[in-house]
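Here is how names work: the chains are called A, B, and so on, in the same order as the sequence lines, proteins then strands, and each is numbered from 1.
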Amino acid sequence: MSEALTDADIKKIAKLSRLSLPDSQVGPVRTQLSSILGHIAKLQAVPVEGVEPMAHPLRIVNRLDNDEPKAAMPVEDLLRNAPAVEDRYLAVPKVLGDGGGA
Amino acid sequence: MSQSSALQPLAGICADVRAGKVTARSRVEAYLAEIARREPEIHAFNELHADAARAQADAVDAAVKAGRDPGPLAGAVLAIKDNIVMREGKTTCSSRMLANYRSPFDATVIGKLAAAGAVFIGKTNLDEFAMGSSTENSAFGVTKNPHDTTRVAGGSSGGSAAAVAAGFCDASLGSDTGGSIRQPAALCGCVGFKPTYGRVSRYGLVAFGSSLDQIGPFARTVEDAALVYDTLVGRDPNDSTTADVAHEPLAARVREPLAKLRVGIPREYKSPANAPAVAAAYERAIAAAKAFGAEIVDVELPLTDIGISTYYVIAPAEASSNLARYDGIRYGHRAKLAPGEDLEMLYSKSRAEGFGPEVQRRILLGTYVLSSGYYDAYYKRALQVRSLIKREFDRAFEKCDVILGPTSPIPAFPIGGMKDPLSMYLCDVYTVNTNIAGIPGISINAGFADEGGKRLPIGLQLQSKAFDEETLLRAAAMFERALA
């Protein structure tokens with residue numbers, strides 16, 4: 001919890017965040033996040049035993065609407081913002097085979 | 001705009017438009033002239049919609065001529081924060097990521113305002129994806145404070161606040177996740193109102209912290225803010241978090257004083273961190289409340305200070321999840337790949353190129369507090385503290401109707417003057433807990449600080465219990481009158 005962030009931690013968080021972080025930025029980012037986490041550590045001093053977590057201000061559960069079909073937005077409108085389109089599909093780099101995989 | 005027109009209540013202006021005494025078109029032209037004169041030094045707008053605004057105004061005027069009622073906001077000229085989607089023009093969130101994004105739909109609030117006769121003059125600048133307190137984190141340049149152009153307008157809705165303060169529009173919309181309406185309103189000297197979470201549909205508001213975000217108006221007066229708010233409010237089938245709570249239109253009644261108002265003063269709000277001019281304005285407002293017959297009640301909000309820590313876990317956590325959608329595939333910036341680079345690289349390069357430093361910082365922070373091994377220590381704990389903060393407000397509102405305090409501990413600071421992210425975060429101390437608890441808050445002007453020959457506005461904030469906007473706005477109008 002209170003152990004310091006390492007460069008390896010920053011690289012791992014960046015990978016989880018899908019943000020390519022140049023090596024030159026790892027140090028500065030570590031310093032900034034450490035300073036913010038240092039402040040956030042104040043939370044540890046608040047007694048929370050038995051307190052329900054509150055994820056949301058409203059207590060709305062499973063509000064159901066009537067199952068009524070509505071017109072969908074035209075595909076052309078939705079594709080207008082896509083950086084690369086082939087026919088009526090979003091174009092992406094090859095996922096399988098050489099060069100694929102996460 | 002002429003001073004007399006600027007001082008007339010918006011409801012009266014719209015009534016004049018409906019009665020054909022003044023045209024919506026002439027109002028748009030007057031604002032466009034003022035924008036042409038002063039926008040180059042302010043930079044409130046990311047995009048002006050001059051032609052669309054003229055066409056909308058002409059449609060309002062044609063309706064009046066034809067004997068139809070264009071609605072309660074007939075001819076009201078509004079500016080919209082550029083993280084609220086409109087079919088007209090672009091919606092950029094002041095980010096390179098969305099620099100060319102054109103929304104295929106209008107946000108619910110845009111549809112409601114248009115149906116009420118409003119005219120949209122343009123999209124306003126913000127901190128990228130609404131993350132910041134100064135509008136310096138915009139990919140398209142800093143918005144300057146109309147009261148002193150060497151200083152920030154506040155943020156994240158700095159453009160919307162500056163647009164009202166500079167006289168570029170009648171009112172504007174912002175979004176408030178941790179103070180992003182109230183703080184820039186305070187720094188620019190206008191009214192900024194964040195309704196209760198769930199009052200206003202978030203459909204079409206680009207998501208930042210979904211359990212905290214709320215749309216609300218900036219205006220010249222509390223009454224004008226109430227008029228816009230009356231149109232925004234209500235349950236929306238497209239936003240399951242809109243609340244089914246009755247709303248009686250407030251604008252016509254907001255100037256009625258409350259007979260018995262209990263004003264809560266938390267001792268934690270009289271912090272040594274408050275600038276002297278802010279502390280003095282607070283004392284003046286307390287004295288004014290006594291003078292208009294309010295009862296001053298001491299209340300305790302000991303978790304005020306812990307709000308920043310709570311907020312900077314919850315908001316980045318939600319942001320890291322919400323902003324995962326920007327992957328360079330369906331919309332937004334896509335990086336060019338070198339030979340041999342794969343889909344994974346497309347995601348991480350597009351995101352690194354498209355997002356600015358503060359957005360990346362918050363995604364990293366949010367990812368960290370949600371990651372395995374840290375989730376309980378940070379995220380779950382922050383949600384538990386959130387319960388305690390809510391409880392603390394509940395207890396305070398047993399003793400008082402509204403809580404009065406500073407909106408920001410300091411007036412507008414110099415552009416570039418806040419070097420490190422944490423010191424910027426600490427400026428949100430009085431506003432984040434409102435969002436954490438989901439209650440409403442409003443900032444009104446409460447005087448000025450004399451700084452280097454300039455008069456910098458000081459804002460005071462009122463908060464009330466959830467869904468009690470009537471008490472909140474009527475109390476705010478009382479303070480507005482008393483402090484004028």
Side-chain angles (χ1 to χ4, degrees), chain A residues 1 5 9-10 12-22 25 29 32-33 35-58 60 62-63 65-66 73-74 76-84 90-95 98-102, chain B residues 101-102 104-105 197-198 211 237 240-241 243 303 305-306 308-310 312-313 320 324 327-334 337 340-349 351-352 355 360-361 363-365 367-368 371 377-378 380-388 390 420-422 425 437-438 466:
Chain A
M1 197 33 244
L5 283 174
D9 292 333
I10 297 298
K12 184 185 167 204
I13 303 164
K15 180 163 173 48
L16 290 172
S17 304
R18 300 298 185 272
L19 284 169
S20 65
L21 193 65
Q25 282 304 304
V29 165
Q32 285 165 354
L33 289 194
S35 144
I36 297 164
L37 288 169
H39 188 85
I40 287 172
K42 282 185 175 181
L43 283 175
Q44 307 309 321
V46 184
V48 294
E49 265 285 296
V51 177
E52 268 303 294
M54 172 180 161
H56 205 266
L58 300 176
I60 301 172
N62 288 353
R63 185 158 67 198
D65 281 321
N66 295 333
M73 278 182 219
E76 292 71 26
D77 283 3
L78 295 171
L79 286 178
R80 195 174 53 178
N81 287 293
L90 298 164
V92 297
K94 194 170 175 185
V95 177
D98 56 339
Chain B
Y101 182 74
R102 289 179 177 274
F105 69 102
Y197 182 89
S211 79
S240 64
T241 63
L303 293 172
D305 264 346
I306 209 76
I308 297 288
S309 299
T310 312
Y312 280 96
V313 171
S320 71
D327 55 7
I329 302 294
R330 291 154 299 162
Y331 45 79
H333 175 75
R334 178 185 284 201
L337 289 187
E341 289 184 327
D342 59 6
L343 184 64
E344 196 73 13
M345 279 302 290
L346 179 71
Y347 297 150
S348 51
K349 272 178 82 173
R351 290 163 62 78
F355 293 136
Q360 295 198 35
R361 194 150 42 234
I363 291 173
L364 292 167
L365 184 59
T367 303
Y368 180 71
S371 65
Y378 287 110
K380 185 180 168 204
R381 200 176 184 91
L383 295 187
Q384 290 175 304
V385 175
R386 185 178 194 177
S387 287
L388 296 175
K390 170 79 166 56
D420 116 84
L422 184 58
Y425 296 175

Spell out, as yes or no, whether a donor-acceptor pair under 3.5 Å connects the side chain of [X] to the backbone of [Y].
X        : Y        : result
B:Arg386 : A:Ala55  : yes
B:Arg351 : A:Arg18  : yes
A:Asp77  : B:Pro104 : no
B:Gln384 : A:Val51  : yes
B:Arg381 : A:Gln44  : yes
B:Ser387 : A:Glu52  : yes

Task: Segment of B:Ala382 engaging chain A (4.5 angstrom heavy-atom cut-off) - done: both
TODO: Measure B:Leu346 against the heavy atoms of chain A and call it side chain, backbone, both or neither at under 4.5 Å.
DONE: side chain
Open item on the list: Taking side-chain contact (heavy atoms from CB on, under 4.5 Å) as the criterion, tell me which of A:Leu90, A:Leu79, A:Val92 meets it with B:Arg330.
Closed with: A:Leu90
Open item on the list: Can you see whether B:Ser348 engages A:Ser20 through a side-chain donor-acceptor pair at a distance of less than 3.5 angstrom?
Closed with: no
Open item on the list: Checking side-chain polar atoms at under 3.5 Å, does A:His56 have a donor or acceptor matched by the opposite partner on B:Tyr197?
Closed with: yes
Measure the [atom1]-[atom2] distance between [X] and [Y] for me, rounded to the nearest 0.5 Å.
X        : Y        : atom1 : atom2 : answer
B:Leu364 : A:Ile36  : CG    : CD1   : 10.0 Å
B:Leu365 : A:Ile40  : CG    : CD1   : 5.0 Å
B:Ile306 : A:His39  : CD1   : NE2   : 7.0 Å
A:Leu37  : B:Ser309 : CG    : OG    : 10.0 Å
B:Ile308 : A:Leu43  : CD1   : CG    : 11.5 Å
B:Ile363 : A:Ser17  : CD1   : OG    : 7.0 Å

Test item: [X] and [Y] side chains (from C-beta on) under 4.5 Å apart, heavy atoms:
X       : Y        : result
A:Leu33 : B:Arg361 : yes
A:Pro93 : B:Leu337 : yes
A:Leu5  : B:Tyr368 : yes

Open item on the list: Restricting to non-hydrogen atoms, name the atom on B:Leu388 and the atom on A:Pro47 that form the minimum distance, rounded to 0.1 Å.
Closed with: CD1-O, 3.6 Å
- [ ] Grab the two heavy atoms, one from A:Leu58 and one from B:Gly198, that are nearest each other, plus how far apart they are.
- [x] CD1-CA, 3.9 Å
